Enquirer: 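I'd like to ask you about the structure that follows.
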Amino acid sequence: MITLPDGSRRGFPGPVTGADVAAAIGPGLAKAAIAIKLDGRPRDLASLIDHDAAVAIITREMPEGLQILRHDAAHVMAEAVKELYPETQVTFGPATETGFYYDFARAESFTPDDLAKIEERMRDIVKRDEAITREVWDRGQAVAFFQGIGERYKAEYIGEIPPDEELSVYRQGDFVDLCTGPHLPSTGRLGQAFKLMTVAGAYWRGDPRNAQLQRVYGTAWPSQKELDQYLFQLEEAERRDHRRLGRELDLFHLGEEAVGSVFWHPKGWTIYRTIEAYMRRRLDQAGYQEVKGPLLLDRSLWEATGHWENFRENMFIAESRDERVLAVKPMNCPGHVLIFKNRLRSYRELPLRLAEFGSCHRNEPSGALHGIMRVRGFTQDDAHIFCTQDQVTGEAIEFCKLLLSIYRDFGFDDVAVKFSTRPEQRMGSDVYWNLAEADLEAAVKAAGLPYTLNPGEGAFYGPKLEFVLRDALGRDWQCGTLQLDFQMPERLGATYVGEDGARHAPIMLHRAILGSMERFIGILIEHYAGHFPLWLAPQQIIIASITEEAAGYGEEVARELRAQGLRAAADAGNEKIGYKVREHSLAKVPVILAVGRREAAQRMVSVRRLGSTAQESLALADAVARLIIEASPPG
RNA sequence: GCUGCCGUAGCUCAGUGGUAGAGCACUCCCUUGGUAAGGGAGAGGUCGGUGGUUCAAUCCCACCCGGCAGCACCA
């Protein structure tokens with residue numbers, strides 16, 4: 001008896017295959033079927049069902065089906081590589097979110113020409129429509145076989161598979177691969193909607209101490225249409241790339257003179273200051289107190305916090321004329337703790353929320369740098385909340401509310417939460433960790449936010465929540481964080497006097513909303529594709545005069561708007577209005593006010609919005625009043 | 001940091017073992033034009049850096065610096 005996803009049941013006289021079940025339901029499904037889900041687990045279409053079970057047919061359009069498709073694309077690629085370059089060893093080749101990759105071991109590196117050849121051979125293999133069959137081998141046989149054909153990585157890996165686990169091997173044509181599956185019934189079912197993208201290095205088993213393999217990436221989709229759509233999306237992402245827009249819109253630059261640090265240009269810095277002012281306002285309202293700590297702090301402090309031990313390699317060290325060794329601060333928390341413990345604190349002062357736009361420097365590995373998203377010098381919208389254990393939940397809930405509200409103001413409604421627990425390399429006893437993890441989990445539950453578990457990814461001093469927002473292209477970015485720290489205040493000897501007259505170490509919440517200003521602005525640039533909402537646009541309004549006769553009036557309009565706090569400038573240049581409209585539209589100025597002889601005579605402006613060709617004639621006073629309202633920041 | 005690829009004008013890119021070119025941008029002149037490029041002229045480069053091979057190197061080789069993609073890393 002077989003139960004289908006809609007709850008209906010079908011009886012079969014004896015054992016059947018997944019293909020039989022699909023055929024029994026209908027010929028259309030039989031044709032579309034590529035695999036089955038047997039009691040919730042994906043299996044080959046050819047797998048035998050010999051007991052009462054819940055069965056669902058998987059088609060290529062379903063998420064599970066797409067994953068199988070991509071996994072198969074990896075196998076077809078491996079087969080193609082083995083045919084073209086038999087000396088190559090295969091290792092792992094899984095599906096990814098947009099396609100697949102396979103890691104190969106080969107002395108020579110693959111060139112772009114090689115990729116084209118491999119892709120061509122893959123298309124052949126699909127045309128050959130080779131049957132893909134599953135076999136179960138015993139360990140000795142498998143190790144001997146893979147050793148015999150020179151596949152040392154595969155042979156090594158077999159030794160690590162738990163002995164009670166079935167060892168399955170898939171055969172397609174002459175290619176035999178160790179794999180748990182499931183797979184398509186034949187290579188022809190893959191279709192031709194795939195494309196090889198790039199080749200890059202990747203460590204065997206993800207460990208930098210191991211050999212580096214060559215990872216060939218590809219993308220694969222159920223149909224050509226979806227492949228084309230994906231490729232278009234990649235182009236769109238490139239058009240929005242913050243490094244490109246940063247240059248085109250003259251926001252910032254990066255240079256060899258300060259690798260990994262941002263040179264903010266006037267327009268970029270205007271965005272920065274606008275965001276900073278907005279955040280400052282929101283934090284003031286939420287009961288934070290802003291502070292500013294020193295950039296250079298003595299080595300002994302970093303030894304006390306544990307950073308010297310854990311992160312010295314990534315800290316910039318500055319030596320002074322005396323014997324002291326100073327480190328450029330990689331984070332702001334020790335400074336805030338020092339401010340906290342500078343005098344005797346009472347429980348009445350808690351929760352004490354110290355905020356700082358903290359300039360930090362971390363000597364990130366060169367390969368990690370990426371535009372202004374991952375830099376060596378950056379500014380965190382950091383704050384530390386010193387509180388009692390009773391206050392943790394309430395503070396966490398308030399923080400989550402504030403964070404979501406701020407994200408909404410920047411146009412991000414989709415926020416995911418990850419809960420990261422104790423990492424392997426950590427500070428402090430498990431007693432602390434048990435307490436901290438329990439408290440933080442209780443807090444996120446109380447805040448009513450759904451979250452996913454991220455085991456082992458916490459900070460070395462405490463567990464953390466990470467807030468991931470999704471941008472206009474559906475990409476995820478981790479920005480906000482909330483970390484619970486039972487250790488640092490105690491390590492640095494920060495205490496407060498409790499109601500009982502005794503001294504207690506406060507609990508410290510580390511938190512950031514934007515994460516880093518640099519990174520967040522990078523995300524915003526890409527999210528808005530450079531087309532910022534009026535309140536954020538560095539140049540909000542251009543007054544383009546049509547003739548020299550109207551230039552004086554244009555300047556007057558610009559002065560009036562600036563007097564009202566708007567970022568307006570007059571363009572009295574010697575160009576036609578069409579040229580000016582094009583120039584400022586490309587510069588993504590949200591509002592262009594055209595003024596000619598008519599407007600000057602009647603004290604009007606002709607309003608043109610970015611993204612529209614419509615023109616609206618307004619009295620100057622009305623236009624100013626309207627723009628003031630539109631340009632006012634949220635919150 | 002590792003693997004691979006790349007580095008020519010502000011930008012996008014041609015090009016060659018015999019000391020360099022286009023378009024856009026820039027400057028000036030003409031043009032005063034009504035909503036995405038009006039016309040003309042000019043200026044601009046130690047061909048990423050340092051060594052080497054060569055009669056001769058932007059081109060070939062080595063090292064270094066920087067960038068890109070991925071991996072690893074992200075307190």
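Reminder, nothing fancy here: chain letters follow the sequence lines and each chain counts from 1. Just so it is clear, the model here is predicted, and its values are computed rather than measured.
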Enquirer: Is it the case that the base of B:C71 and the side chain of A:Arg215 share a donor-acceptor contact (distance under 3.5 Å, atom types as modelled)?
Expert: no
Enquirer: Just checking A:Glu87: does its CD atom have more than 12 heavy atoms from other residues, nucleotides or ligands closer to it than 6.0 angstrom?
Expert: yes
Enquirer: Where along residues 298-312 of chain A does a heavy atom fall under 4.0 Å from RNA chain B?
Expert: A:His307, A:Phe311
Enquirer: Enumerate, atom names and distances included, each donor-acceptor pair closer than 3.5 Å involving a side-chain atom of residues 595-604 of chain A, sequence neighbours excluded.
Expert:
from	atom 1	to	atom 2	distance (Å)
A:Glu599	OE1	A:Gly596	N	2.9
A:Arg603	NH1	A:Glu556	OE2	3.2
A:Arg603	NH2	A:Glu556	OE2	2.7

Enquirer: With sequence neighbours excluded, tell me which residues meet side-chain hydrogen bond (donor to acceptor under 3.5 Å, both in side chains) with A:Arg519.
Expert: none
Enquirer: Quick check, are the ring centers of A:His527 and A:Phe412 under 6.0 angstrom apart?
Expert: yes
Enquirer: Counting the atoms with a prime plus P, OP1 and OP2 as sugar-phosphate, which does A:Tyr101 contact under 4.0 Å by heavy atoms, base, sugar-phosphate, or nothing?
Expert: nothing
Enquirer: Within 45° of the ring axis of A:Tyr101 and under 6.0 Å from its six-membered ring centre, is that where the NZ or CZ of A:Arg215 lies?
Expert: yes
Enquirer: Using atom types as modelled, flag every donor-acceptor pair under 3.5 Å from a side chain in residues 245-261 of chain A to any protein atom, sequence neighbours excluded.
Expert:
from	atom 1	to	atom 2	distance (Å)
A:Glu248	OE2	A:Arg244	NE	3.3
A:Asp250	OD1	A:His265	ND1	2.7
A:His253	ND1	A:His265	NE2	2.7

Enquirer: How would RNA chain B look in dot-bracket form, 5' to 3', counting Watson-Crick and G-U wobble pairs with both distances under 3.5 Å and writing | for bases paired to another strand?
Expert: (((((((..((((....[..)))).(((((.......))))).....(((((..]....))))))))))))....
Enquirer: Please test A:Lys195 against A:Glu119 for salt bridge (Lys or Arg N to Asp or Glu O under 4.0 Å), starting from the C-alpha separation and ending with a verdict.
Expert: CA-CA 7 Å; A:Lys195 183 175 164 44; A:Glu119 189 177 313; 5.3 Å; no
Enquirer: Does A:Arg362 qualify as a cation-pi partner of A:Phe378, given the criterion of NZ or CZ under 6.0 Å from the six-membered ring centre and within 45 degrees of its axis?
Expert: no
Enquirer: Given B:A25, B:C73, B:A75, which nucleotide is nearest the side-chain atoms of A:Tyr579?
Expert: B:A25
Enquirer: Whole angstrom is fine here: how far is it from CZ in A:Phe100 over to P in B:G70?
Expert: 16 Å
Enquirer: What's touching nucleotides 9-12 of chain B from the protein side, N or O pairs under 3.5 Å?
Expert:
from	atom 1	to	atom 2	distance (Å)
B:C11	O3'	A:Arg247	NH1	3.4
B:U12	OP1	A:Arg247	NH2	3.4

Enquirer: To the nearest Å, give me how far apart CZ (A:Phe520) and C1' (B:C74) are.
Expert: 19 Å
Enquirer: With a 3.5 Å cut-off and sequence neighbours excluded, list the donor-acceptor pairs that the side chains of residues 293-304 of chain A form with protein atoms.
Expert:
from	atom 1	to	atom 2	distance (Å)
A:Asp298	OD1	A:Arg324	NH1	3.3
A:Asp298	OD2	A:Ser300	N	3.0
A:Asp298	OD2	A:Ser300	OG	2.9
A:Arg299	NE	A:Glu303	OE2	2.6
A:Arg299	NH2	A:Glu303	OE2	3.2
A:Trp302	NE1	A:Leu297	O	3.3

Enquirer: Can you confirm if the NZ or CZ of A:Arg106 lies within 45° of the ring axis of A:Tyr153 and under 6.0 Å from the centre of its six-membered ring?
Expert: no
Enquirer: When the distance from CG of A:Leu509 to P of B:A75 is rounded to whole Å, what number comes out?
Expert: 17 Å
Enquirer: How would you label the contact of A:Asp207 with the nucleic acid (heavy atoms, under 4.0 Å): base, sugar-phosphate, or nothing?
Expert: nothing
Enquirer: Can you pull every protein N or O that's under 3.5 Å from an N or O on nucleotides 30-34 of chain B?
Expert:
from	atom 1	to	atom 2	distance (Å)
B:C30	N4	A:Asn574	ND2	3.3
B:U31	N3	A:Asn574	OD1	2.9
B:U31	N3	A:Asn574	ND2	3.1
B:U31	O4	A:Asn574	OD1	2.9
B:U31	O4	A:Asn574	ND2	2.0
B:U32	O2	A:Glu548	N	2.7
B:U32	N3	A:Glu548	OE1	2.9
B:U32	O4	A:Glu548	OE1	2.3
B:G33	N7	A:Ile546	O	2.2
B:G33	O6	A:Ile546	O	3.2
B:G33	N2	A:Asn574	OD1	3.3
B:G34	O6	A:Arg597	N	3.3
B:G34	O6	A:Arg598	N	3.2
B:G34	N1	A:Glu599	OE1	2.8
B:G34	N1	A:Glu599	OE2	3.3
B:G34	N2	A:Glu599	OE1	3.3
B:G34	N2	A:Glu599	OE2	2.5

Enquirer: Which atom pairs link the protein and nucleotides 1-7 of chain B when you take only N or O atoms and keep those under 3.5 Å?
Expert:
from	atom 1	to	atom 2	distance (Å)
B:G1	OP2	A:Ser366	OG	2.6
B:G1	N7	A:Gly367	N	3.1
B:G1	N2	A:Tyr203	OH	2.5
B:C2	O2'	A:Gln212	OE1	2.2
B:C2	O2	A:Gln212	NE2	2.9
B:U3	O4'	A:Gln212	OE1	2.4
B:U3	O2	A:Gly201	N	3.4

Enquirer: Only pairs under 3.5 Å count here: list side-chain donor-acceptor contacts from residues 574-582 of chain A, not counting sequence neighbours, and write none if there are none.
Expert:
from	atom 1	to	atom 2	distance (Å)
A:Lys580	NZ	A:Ser545	O	2.8
A:Lys580	NZ	A:Asp571	O	3.0
A:Lys580	NZ	A:Gly573	O	3.0

Enquirer: Counting any heavy atom closer than 4.0 Å, what does A:Arg608 reach on the DNA or RNA strands: base, sugar-phosphate only, or nothing?
Expert: base
Enquirer: Please collect all ring-ring contact (aromatic ring centres under 6.0 Å, His included) contacts where either partner lies in residues 506-525 of chain A, sequence neighbours excluded, each pair once.
Expert: A:His384-A:His510, A:Phe410-A:Phe520, A:Tyr461-A:His510
Enquirer: Over 60° means perpendicular and under 30° means parallel, so classify the ring planes of A:Phe460 and A:His307, tilted if in between.
Expert: perpendicular
Enquirer: Can you measure A:Leu254 atom CG to B:C65 atom P for me and round it to whole angstrom units?
Expert: 19 Å
Enquirer: Pick base, sugar-phosphate or nothing for A:His370, based on heavy-atom distances below 4.0 Å to the nucleic acid.
Expert: sugar-phosphate
Enquirer: Would you kindly give the CD-to-P distance between A:Glu97 and B:G70, to the nearest whole Å?
Expert: 14 Å
Enquirer: For the pair A:Arg626 and A:Glu616, find out whether any cationic side-chain nitrogen is under 4.0 Å from an anionic carboxylate oxygen.
Expert: yes
Enquirer: Without decimals, in angstroms, what is the distance between A:Met604 CE and B:U35 P?
Expert: 17 Å
Enquirer: Looking at every strand, decide which applies to A:Arg243 at a 4.0 Å heavy-atom threshold: base, sugar-phosphate, or nothing.
Expert: sugar-phosphate
Enquirer: CD of A:Gln67: more than 12 outside heavy atoms within 6.0 angstrom?
Expert: no
Enquirer: First locate atom CD1 of A:Ile513, then atom CG of A:Leu482, and finally report the distance between them rounded to the nearest 0.5 Å.
Expert: 10.0 Å
Enquirer: Need one value for A:Gly206: base, sugar-phosphate or nothing, where a base atom within 4.0 Å counts as base even if backbone is also close, heavy atoms only.
Expert: sugar-phosphate
Enquirer: Answer yes or no: is there an ion pair linking A:Glu151 with A:Lys82, defined by an N-O contact shorter than 4.0 Å?
Expert: yes
Enquirer: Within residues 329-338 of chain A, find the residues that approach RNA chain B with a heavy atom at under 4.0 Å, and present them sorted by residue number.
Expert: A:Pro330, A:Met331
Enquirer: Measuring from the side chain of A:Thr198 (C-beta onward, heavy atoms only), which nucleotide among B:A69, B:A36, B:C74 has the closest atom?
Expert: B:A69
Enquirer: Is the shortest side-chain N to carboxylate O distance from A:Arg240 to A:Glu236 below 4.0 Å?
Expert: yes
